[in-house]
Amino acid sequence: MIVKQFRTHFKNELSEVYPTTEIDSFFFLLIDEYLGLQRIDTVLKPDFKIDEAKLSILNKALQRLKNQEPLQYIIGKTEFYGYPFFVDKNTLIPRPETEELVEWILNEIENLDLSENKKLNILDIGTGSGCIPISLAKNLKNTTISSIDVSADALKMAKKNAELNKVNINFIENDILATNNLPESYDIIVSNPPYVRELEKVEIQNNVLENEPHLALFVSDDDPLIFYNKIAELAKKHLSKSGILFFEINQYLGKETLEMLIKKGFKNVELRKDLFKNDRMIKANI
Ligand SMILES: C[S@@+](CC[C@H](N)C(=O)[O-])C[C@H]1O[C@@H](n2cnc3c(N)ncnc32)[C@H](O)[C@@H]1O
């Protein structure tokens, strides 16, 4: 089959599932990934012949897309903060909102009044693909970064991503809800923990619900701030004197999360919106 024919077949197969612009974007990403062809090549080489082996890979990808599997899981990778990351079903696909949290942390660190040889100690809780600690490590020189996750499979992927991006992260397998003490004292603690309530499942797209790890997403309706309460308690004990706590949060629980932190005695608690104008992240000083 030639690439022009495959494009028509691809469009026909997916037209009832996705809008045309999205189908085009899937098509170009897949031919780049599996055939090494750029968008312009579909004009310059419309008769490019796809060999049987490659056609079979492309058709499998097409079937998975038809079943609404995220493209990132099909090709096994994505990009976050400009860096490549492997992802699979054990790791949440990093979101653009989280890139904004990383940006905020880096800006705050830039504004810290650090002595020449002060080495920052950072802890990330709920690492998933490792997107937060790895992006921080790529942009910070004098730092030690540790990262906790309860999922051994997610940590395996995060380690692979640290190697891919050539950074050193100390990964720790641990259930944060069952932890009463952290291993060290930290200058920054950051977490994007599970925060979607069961009652919000109706708002979640099918491709997320059916493919992304529920362990990474959901909390009970009765205690939606369970991770925030626990991490804030640990942060009170384990943040250094001028330490900062950063959270990505549930957009519907901005006020509640902010009040919880103030009640626990955190200072300068600041709530920020994401690019979609939803309450999405919080910074608090010890
Ligand atoms: C919302 S995901 C965030 C992943 C990644 N940091 C990101 O921003 O894309 C939450 C992560 O917390 C982890 N997690 C869930 N329960 C946990 C627990 N009890 N202790 C530690 N990590 C947990 C999940 O495995 C998942 O990787």
Side-chain angles (χ1 to χ4, degrees), residues 70 72-73 77-106 122-138 145-162 165 167 169-183 188-198 200-201 204 208-209 211-220 223-235 238 245-251 253 257 274-275 278 280-282:
Q72 293 92 329
Y73 287 155
K77 61 186 184 189
T78 189
E79 227 183 68
F80 180 86
Y81 212 73
Y83 304 110
F85 284 85
F86 295 120
V87 284
D88 69 7
K89 293 198 165 207
N90 301 302
T91 54
L92 190 86
I93 299 167
R95 306 294 204 265
E97 299 92 296
T98 312
E99 292 180 313
E100 293 184 70
L101 178 68
V102 167
E103 183 78 13
W104 195 8
I105 299 171
L106 289 173
I122 300 179
L123 176 70
D124 163 58
I125 299 171
T127 196
S129 61
C131 59
I132 296 176
I134 292 168
S135 307
L136 291 175
K138 291 297 284 181
I145 308 185
S146 305
S147 229
I148 291 176
D149 205 292
V150 71
S151 158
D153 290 327
L155 283 171
K156 216 158 125 189
M157 194 54 97
K159 279 180 194 157
K160 228 171 118 183
N161 283 325
N165 286 288
V167 292
I169 311 284
N170 171 30
F171 290 107
I172 305 162
E173 188 182 330
N174 207 350
D175 177 352
I176 202 68
L177 297 178
T179 302
N180 291 322
N181 282 301
L182 296 173
I188 289 180
I189 294 179
V190 50
S191 184
N192 174 18
Y195 60 66
V196 183
R197 287 171 292 181
E198 294 287 330
E200 288 158 24
K201 267 189 177 163
I204 306 277
V208 173
L209 260 188
N211 293 286
E212 299 206 58
H214 286 203
L215 176 70
L217 290 167
F218 294 107
V219 283
S220 77
D223 194 3
L225 297 186
I226 184 167
F227 283 96
Y228 297 89
N229 266 305
K230 180 75 195 195
I231 294 167
E233 286 299 331
L234 289 167
H238 294 276
L245 174 64
F246 287 92
F247 278 134
E248 180 170 322
I249 61 157
N250 182 320
Q251 65 189 84
L253 298 172
T257 316
D274 62 20
L275 69 167
N278 294 315
R280 185 63 67 200
M281 50 210 129
I282 281 193

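Indexing begins at 1, ligand by ligand and atom by atom, following the structure's order. Residue indices begin at 1 and follow the sequence shown.
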**Request:** Hey, can you tell me if Y195 and Y228 have their rings parallel, tilted or perpendicular (30° and 60° cut-offs)?
**Result:** tilted
**Complete:** Atoms of ligand 1 under 4.0 Å from any heavy atom of G128, numbered from 1 in the order shown, are 4 (C), 27 (O)
**Request:** Within a distance under 4.0 Å of any heavy atom of I176, pick out the atoms of ligand 1 and give their elements.
**Result:** 18 (C), 19 (N), 20 (N), 21 (C)
**Request:** Would you mind running through ligand 1 and noting each atom that sits below 4.0 Å from a heavy atom of F227?
**Result:** 16 (N), 17 (C), 18 (C), 19 (N)
**Message:** So for C131, does at least one of its heavy atoms come nearer than 4.0 angstrom to any atom of ligand 1?
**Reply:** yes
**Asked** So does K230 pair up with E233, basic N to acidic O under 4.0 Å?
**Response** no
**Request:** Quickly, which of I148, I231, I172 forms a side chain to side chain contact (heavy atoms under 4.5 Å, CB included) with L182? Name it, please.
**Result:** I148
**ligand 1 N/O within reach of G126 N/O, cut-off under 3.5 Å** = yes
**For N174, atoms of ligand 1 separated by under 4.0 Å from a heavy atom** = 20 (N), 21 (C)
**Request:** Give a yes/no verdict on whether any heavy atom in D124 is under 4.0 Å from an atom of ligand 1.
**Result:** no
**Message:** Does the residue S129 have a heavy-atom contact with ligand 1, meaning some pair of atoms that are separated by less than 4.0 Å?
**Reply:** no
**Asked** Which atoms from ligand 1 have a heavy atom of D175 less than 4.0 Å away?
**Response** 18 (C), 19 (N), 20 (N)
**Request:** Do me a favour and list the nearest non-hydrogen protein atom to atom 3 (C) of ligand 1 with residue, atom name and distance?
**Result:** N192 O, 3.1 Å
